Amino acid sequence: MSRKVVRSSKFRHVFGQAVKNDQCYDDIRISQMTWDSNFCSVNPKFVAMIVDASGGGAFMVLPLSKTGRIDMSYPTVCGHTGPVLDIEFCPHNDNIIASGSEDCSVMIWEIPDGGLTSPLTDPVVKLEGHSKRVGILCWHPTAHNVLMSAGCDNVVILWNVARGESVVRIDSVHPDLIYNACWNQDGSQILTTCKDKTMRVLDPRKGTVLLEKEKTHEGSRPVRAVFLSDGKILTTGFSRMSERQVALWDPKNFAEPLCLQELDTGSGVLLPFYDPDTGVVYLCGKGESSIRYFEVTDEAPYVHYLSMYSSKESQKGMGCMPKRGLEVNKCEITRFYKLHERKCEPIVMTVPRKSDLFQEDLYPDTIGPEPSVEADEWFQGKDGQPILISLKDGFTATTKAKEFKVHKTLLKTTSASAGNQPDNSGEVQSLRKEVKDLKAAIEELTTRMKELESWRESK
């Protein structure tokens, strides 16, 4: 009688636990849009969530410490004229966030320390180049001020945010809707999945296809893909019989997957969150109440199921805290921010350890907030490896956060040359002031009307 040998792994007993109610963010009306993005972005300073808004699109940015019930009048970022579809914080500056919307534009916002005190309507930069709604945003992992956007016009654009201009436009590669776009670890390649069931690896500067794999998953539902730290690719999709699958691919041989596992017959798209430090990948399905997690190793069968976190409430979106924002003294290896219909609930993933000392095997040097190359250098061909930091004493910023500078002169010249218009900045400023005064007058009138209404009711 042979005994089954259990594979040894330090992540076998990882467990997820939701925080107490007073540490959640309550009474937030999360967006009802049916779009398969995360709807949430988080960093060590703020958590941002796409919310319902009348007459345009909005998202809310809260300091991490502002837990409990959020007042309905709490200010939002509300400059888009259509619903917001995706948001993402800049990895090199915790105060900068990008948003993509149905109004075909991408906007860059600067959030003040301590959060917003009044509604934010004017972005630092507005990026226009898509002809249909923009549903995917992804900052470059190592180059400063480089942003990738993908829209429903089947176009991928790489922006130099500081100059407010599109540098690379990839418009002839994807014949159909783009489901997913992400960078590899040093940002030298882009990975995309498309409605034509083809997964492509692209050269970001030339916009050419380096590798492609047709029918990654046989089903017609959306496919998600993510680069792993060793260059392999993990995908989630559906079989012909609509069973959900997870697969691992080696770009050196796209003929067959290294591993293909069937999970269940759920209908939601599985969003993969990969942790390069531990090799653990978390799969979260929108509209579901569970998070599955797997460990990816070098030995067959490569993708090893670890466990599953389950709860009663389904998730409408999910954000994942960067490693530098975790509590290392509690052996916390990931923290998710799960969006319910009317609240945001942090979920802590922990490795059970008895010792209170720093666990070096759980926390190798991780990616820090410092970029290794500037935007202009990167577009000219220079690649940069991620700059790693130690979490031994908890992350503290040793260098000043990379200041977000916009070349206003360049923005003016590009906009002026585009329309051959004279610079009317003085008139624009006076118009803006008039609009601001008008908004204030409308707000005051609304308040007076409410007071009058309540007085009538009391009578």
Side-chain angles (χ1 to χ4, degrees), residues 22-33 37-90 93-103 105-127 137 316-317 319 325 337 339-346 401 404 406 429 431-451 454:
D22 60 348
Q23 291 174 281
C24 295
Y25 307 86
D26 266 318
D27 222 13
I28 299 163
R29 289 164 55 222
I30 302 300
S31 173
Q32 301 292 320
M33 286 296 295
S37 69
N38 297 347
F39 279 25
C40 179
S41 186
V42 61
N43 66 27
K45 274 188 186 177
F46 302 105
V47 56
M49 298 151 277
I50 302 176
V51 294
D52 257 344
S54 54
F59 61 95
M60 188 177 278
V61 183
L62 300 170
L64 287 186
S65 58
K66 191 171 174 59
T67 52
R69 187 180 172 279
I70 307 300
D71 197 271
M72 278 185 74
S73 60
Y74 193 86
T76 57
V77 182
C78 49
H80 285 285
T81 55
V84 177
L85 299 177
D86 198 13
I87 51 176
E88 186 166 2
F89 275 110
C90 176
N93 185 332
D94 288 342
N95 296 68
I96 298 296
I97 187 168
S99 59
S101 164
E102 269 197 5
D103 64 11
S105 69
V106 177
M107 293 186 182
I108 311 297
W109 310 86
E110 186 161 17
I111 310 298
D113 284 334
L116 298 177
T117 51
S118 59
L120 191 56
T121 53
D122 295 326
V124 184
V125 185
K126 186 175 182 181
L127 307 171
L137 295 174
K316 295 183 70 68
Y337 285 74
L339 301 185
H340 298 241
E341 209 157 299
R342 289 194 71 96
K343 79 170 180 180
C344 173
E345 175 187 48
F404 185 74
V406 178
Q429 287 297 329
L431 272 170
R432 276 187 180 161
K433 191 176 184 304
E434 281 178 35
V435 169
K436 204 172 181 181
D437 293 344
L438 195 62
K439 277 183 181 174
I442 290 167
E443 279 177 20
E444 193 177 341
L445 192 64
T446 311
T447 312
R448 290 275 172 86
M449 284 176 76
K450 280 180 183 173
E451 285 172 3
S454 60

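What you see is a predicted model, and the numbers here were worked out from it, not measured in a lab. When reading the values below, keep in mind they use all heavy atoms of this one structure, side chains included, and skip hydrogens, waters and symmetry mates.
- A pairwise comparison of heavy atoms in Val47 and Cys40 identifies CG2-SG, 4.0 Å as the closest pair.
- Side chains of Asp94 and Pro44 form a contact here, defined as non-hydrogen atoms less than 4.5 Å apart.
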Using side-chain contact (heavy atoms from CB on, under 4.5 Å), reason through Glu345 and Gln23 one step at a time and then give a plain yes or no. CA-CA 8 Å; Glu345 175 187 48; Gln23 291 174 281; over 6 Å; no
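- Taking the charged nitrogens against the carboxylate oxygens, Arg342 and Asp26 have no contact shorter than 4.0 Å, which rules out a salt bridge.
- Taking the side chain as every heavy atom from C-beta outward, Pro123 and Ile108 never approach each other to under 4.5 Å.
- In terms of modelled atom types and a separation under 3.5 Å, the side chain of Thr76 and the main chain of Phe59 share no donor-acceptor contact.
- For the pairing with Phe39, the side-chain contact (heavy atoms from CB on, under 4.5 Å) check across Met49, Met33, Lys316 returns one residue only, Met33.
- Looking at residues two or more places apart in sequence or on another chain, you find a side-chain contact (heavy atoms from CB on, under 4.5 Å) between Asp71 and Arg69, Ser73.
- Taking every heavy atom of both residues into account, Leu64 and Tyr25 meet most closely at O-OH, 2.6 Å.
- Scanning all heavy atoms of the two residues, the minimum distance from Trp109 to Ser99 falls at NE1-OG, 2.9 Å.
- Counting all heavy atoms, side chain and backbone alike, Val42 lies closest to Phe89 at N-CD1, 3.8 Å.
- At least one side-chain heavy atom of Tyr74 sits less than 4.5 Å from a side-chain heavy atom of Leu62.
- Atom-to-atom distance recorded for Leu116:CG and Ile111:CD1 is 5.0 Å, nearest 0.5 angstrom.
- Contact annotation: the side chain of His80 approaches that of Ser105 to within less than 4.5 Å [non-hydrogen atoms, C-beta and beyond].
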Could you walk me through whether Val61 and Val77 pass the side-chain contact (heavy atoms from CB on, under 4.5 Å) check? CA-CA 8 Å; Val61 183; Val77 182; 4.1 Å; yes
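- With respect to the salt-bridge test (charged N to carboxylate O, under 4.0 angstrom), the residues Asp27 and Lys343 do not qualify.
- The shortest distance between side-chain heavy atoms of Cys24 and Pro346 falls below 4.5 Å.
- Side chain of Ser31 to backbone of Ile50: no donor-acceptor contact under 3.5 angstrom is found.
- The CD atom of Glu88 sits 10.5 Å away from the CG atom of Asn43 when rounded to the nearest 0.5 Å.
- In this structure, CD1 in Ile96 is found 7.0 Å from SG in Cys90, a value given to the nearest 0.5 Å.
- Contact record, Asp52 with Ile30: OD2-O, 3.9 Å, taken as the closest heavy-atom pair.
- Taking 4.5 Å as the limit, some side-chain heavy atom of Met60 sits within range of a side-chain heavy atom of Ile70.
- Shown here are the salt bridge (Lys or Arg N to Asp or Glu O under 4.0 Å) partners of Lys126, two or more places apart in sequence or in another chain: Glu128.
- Note: Ser41 OG to Tyr337 OH = 11.5 Å, rounded to the nearest 0.5 Å.
- Taking all atoms of both residues into account, the shortest heavy-atom contact from Asn95 to Pro112 is ND2-C, 3.9 Å.
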Worked verdict on Thr81 versus Glu102 for side-chain contact (heavy atoms from CB on, under 4.5 Å): CA-CA 8 Å; Thr81 55; Glu102 269 197 5; over 6 Å; no
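- Contact annotation: the side chain of Ile97 approaches that of Ile87 to within less than 4.5 Å [non-hydrogen atoms, C-beta and beyond].
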